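Down below is the structure, laid out as structure tokens.
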Amino acid sequence: VSWLTTGKVAPVATTGEETFEVPAAWNCGREFLKVAATDDLAPVCLWTLDAERKTAELRGIVSSSQSTFNGRMTPPNAVTAGGATYAAGSIAGEAFANEPKLVAVDIPTNFTAIGTGAFRGCVNLESVLLPESMKTLGASVFAGCPKLDTLVIPKSVERIGPFSSAGEQAPGIERVIFLGDRGPSVEAATLGLKDGAVCLVPPTADPRDWGLDRIPGTWHGCRIEYQIDLSTMKEPDGSLTVTGCGWVTGGELHIPSKIGGRQVRRIADGAFRNHKEISSVIVSEGVLEIGGVAFAGCDNLKTVEIASTV
């Protein structure tokens with residue numbers, strides 16, 4: 001692949017014997033490129049095209065400093081060239097490294113991998129949304145990103161590299177929220193997160209699927225806890241009554257059927273009274289009773305799903 005990016009020569013991606021000029025339609029969405037018509041050096045996304053697999057790898061952008069780029073990027077999930085459509089499969093290593101204007105990235109479905117150091121040194125990056133199709137996060141993907149404080153890892157992710165390595169600045173991540181019950185493979189002894197960071201897993205997660213005897217504990221050098229900060233009380237029969245919670249991820253409160261292997265039978269009276277973060281509630285099968293005024297004063301509560309066992 002060769003790139004021509006100087007002067008007013010349009011960037012091109014060369015695949016085999018074919019050369020495609022990058023058209024304006026290959027930008028990263030209206031929010032990403034708000035470029036005046038007179039801007040001859042408007043930034044575009046650079047891609048490597050695989051003619052055999054019909055996939056495209058995102059290699060970065062050109063000339064963001066010379067446009068009205070607002071720092072918010074949503075790449076397309078496919079590109080078209082020469083009459084063929086290429087699914088956007090991955091983000092290359094170092095693709096956006098040290099891009100000072102990048103603030104937020106929403107990666108759409110189809111993307112399955114992010115290469116090593118893809119966002120390294122993006123000092124203003126605050127938000128990254130990963131799709132359910134994502135499988136691999138390379139090493140040092142977010143090293144040197146001090147403003148990125150929370151990262152949600154979809155169930156689909158199978159392998160992650162350390163978030164930083166020796167000699168690199170750890171990202172600002174304080175919470176890594178895993179949506180899957182089973183821990184992904186980590187290609188290092190530690191996750192490379194800053195001191196005090198915590199990994200949060202679903203309350204249905206079995207510690208053995210994370211290589212642990214119990215949760216809370218330590219996983220690849222990082223504190224690991226259950227995702228919902230539920231307070232419980234043990235009943236004489238060994239079951240649990242949920243008595244409240246501290247914070248709720250994304251506003252969704254999920255009352256599981258088991259916590260730490262013990263059956264959850266009841267939600268106590270007034271357990272979540274006046275909790276303003278809760279926007280939706282799911283009560284799992286197996287829970288038998290919801291106490292009085294358990295959700296009174298939850299002004300932002302919009303949806304409730306209650307198990308048939310209640």
Side-chain angles (χ1 to χ4, degrees), residues 1 15 28-29 45-60 73-79 85-97 102 104-120 122 125 127-143 145 148 150-165 168 170-171 173 175-193 197 199-202 204-212 219-222 224 227 249-250:
V1 176
T15 306
C28 288
C45 288
L46 298 178
W47 301 86
T48 298
L49 305 179
D50 187 320
E52 182 177 346
R53 297 182 180 179
K54 289 296 185 288
T55 58
E57 181 176 65
L58 181 56
R59 302 298 300 259
M73 184 179 71
T74 302
N77 61 9
V79 294
T85 298
Y86 298 78
S90 61
I91 297 176
E94 304 289 336
F96 298 95
L102 197 60
V105 182
D106 185 352
I107 302 172
T109 301
N110 279 6
F111 281 88
T112 61
I114 302 177
T116 298
F119 297 97
R120 179 191 284 124
C122 291
L125 182 62
S127 172
V128 177
L129 298 180
L130 302 175
E132 287 295 338
S133 57
M134 187 63 61
K135 294 184 180 298
T136 302
L137 299 179
S140 303
V141 171
F142 304 114
C145 298
L148 182 64
T150 301
L151 183 67
V152 178
I153 306 292
K155 297 177 183 179
S156 56
V157 173
E158 300 172 352
R159 186 170 67 255
I160 59 178
F163 290 106
S164 66
S165 301
E168 292 183 316
I173 296 172
R175 297 187 296 175
V176 181
I177 301 170
F178 290 90
L179 299 184
D181 285 343
R182 188 178 298 273
S185 171
V186 179
E187 299 180 345
T190 66
L191 283 172
L193 295 171
C199 293
L200 300 169
V201 300
T204 52
D206 188 322
R208 292 169 294 183
D209 291 330
W210 296 78
L212 302 173
W219 184 68
H220 289 279
C222 185
I224 185 170
Q227 190 175 118
T249 302

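Note that this is a predicted model, so its numbers are computed, not measured.
When all heavy atoms of A188 and H220 are compared, the closest pair comes out as O-ND1, 3.1 Å. Residues C199 and C222 come closest through the heavy atom pair SG-SG, 3.6 Å. Here the closest heavy-atom approach between residue P184 and residue V157 is recorded as CB-O, 3.7 Å. Among all heavy-atom pairs drawn from E57 and I91, the shortest one is CG-C, 4.3 Å. Scanning all heavy atoms of the two residues, the minimum distance from L179 to P202 falls at O-CG, 3.6 Å. When all heavy atoms of D209 and R182 are compared, the closest pair comes out as OD1-NH1, 3.1 Å.
Contacts of P108 classified as side-chain contact (heavy atoms from CB on, under 4.5 Å), with partners at least two apart in sequence or in another chain: P75, N77, F111. Residues satisfying the side-chain hydrogen bond (donor to acceptor under 3.5 Å, both in side chains) criterion with E187, sequence neighbours excluded, are R159. Legend: residues meeting side-chain contact (heavy atoms from CB on, under 4.5 Å) with R208, ordered by chain and number and at least two apart, are D206. Scanning for side-chain contact (heavy atoms from CB on, under 4.5 Å) contacts around P171 gives F142, F163, S164, I173, L193, with sequence neighbours left out. When the side-chain hydrogen bond (donor to acceptor under 3.5 Å, both in side chains) test is applied to E94, the partners found at least two apart in sequence or on another chain are R120. Every residue meeting the side-chain contact (heavy atoms from CB on, under 4.5 Å) condition with A56, not counting sequence neighbours, appears here in chain and number order: W47, L49, V79, Y86.
The closest side-chain heavy-atom distance from V128 to V141 is not below 4.5 Å. No side-chain heavy atom of V201 sits less than 4.5 Å from a side-chain heavy atom of W219. Two residues are said to be in side-chain contact when any heavy atoms from C-beta on lie closer than 4.5 Å; I107 and I114 meet this criterion.
Not a single donor-acceptor pair under 3.5 Å links the side chain of T116 to the backbone N or O of G93. For the pair T109 (side chain) and P131 (backbone), a donor-acceptor distance under 3.5 Å is absent. The backbone N or O of T112 lies less than 3.5 Å from no partner atom in the side chain of S133, so there is not a single donor-acceptor pair.
Rounding to the nearest 0.5 Å gives a distance of 11.5 Å between CD1 of I153 and CG of L200. Taking CG from L102 and CG from L125, the interatomic distance works out to 5.5 Å, rounded to the nearest 0.5 Å. Interatomic distance, CG of L151 versus CZ of F178, reported as 8.0 Å (0.5 Å rounding). Note that the CZ atom of R175 and the OG1 atom of T150 stand 4.5 Å from one another [nearest 0.5 Å]. A distance of 14.0 Å separates NZ of K135 from OG of S90, quoted to the nearest 0.5 Å. Atom CG of L137 sits about 11.0 Å away from atom CD of E158, to the nearest 0.5 Å.
Ring pair F96/F119 is parallel by interplanar angle, where below 30° counts as parallel and above 60° as perpendicular.
No more than 12 heavy atoms of other residues, nucleotides or ligands sit less than 6.0 Å from atom NZ of K155.
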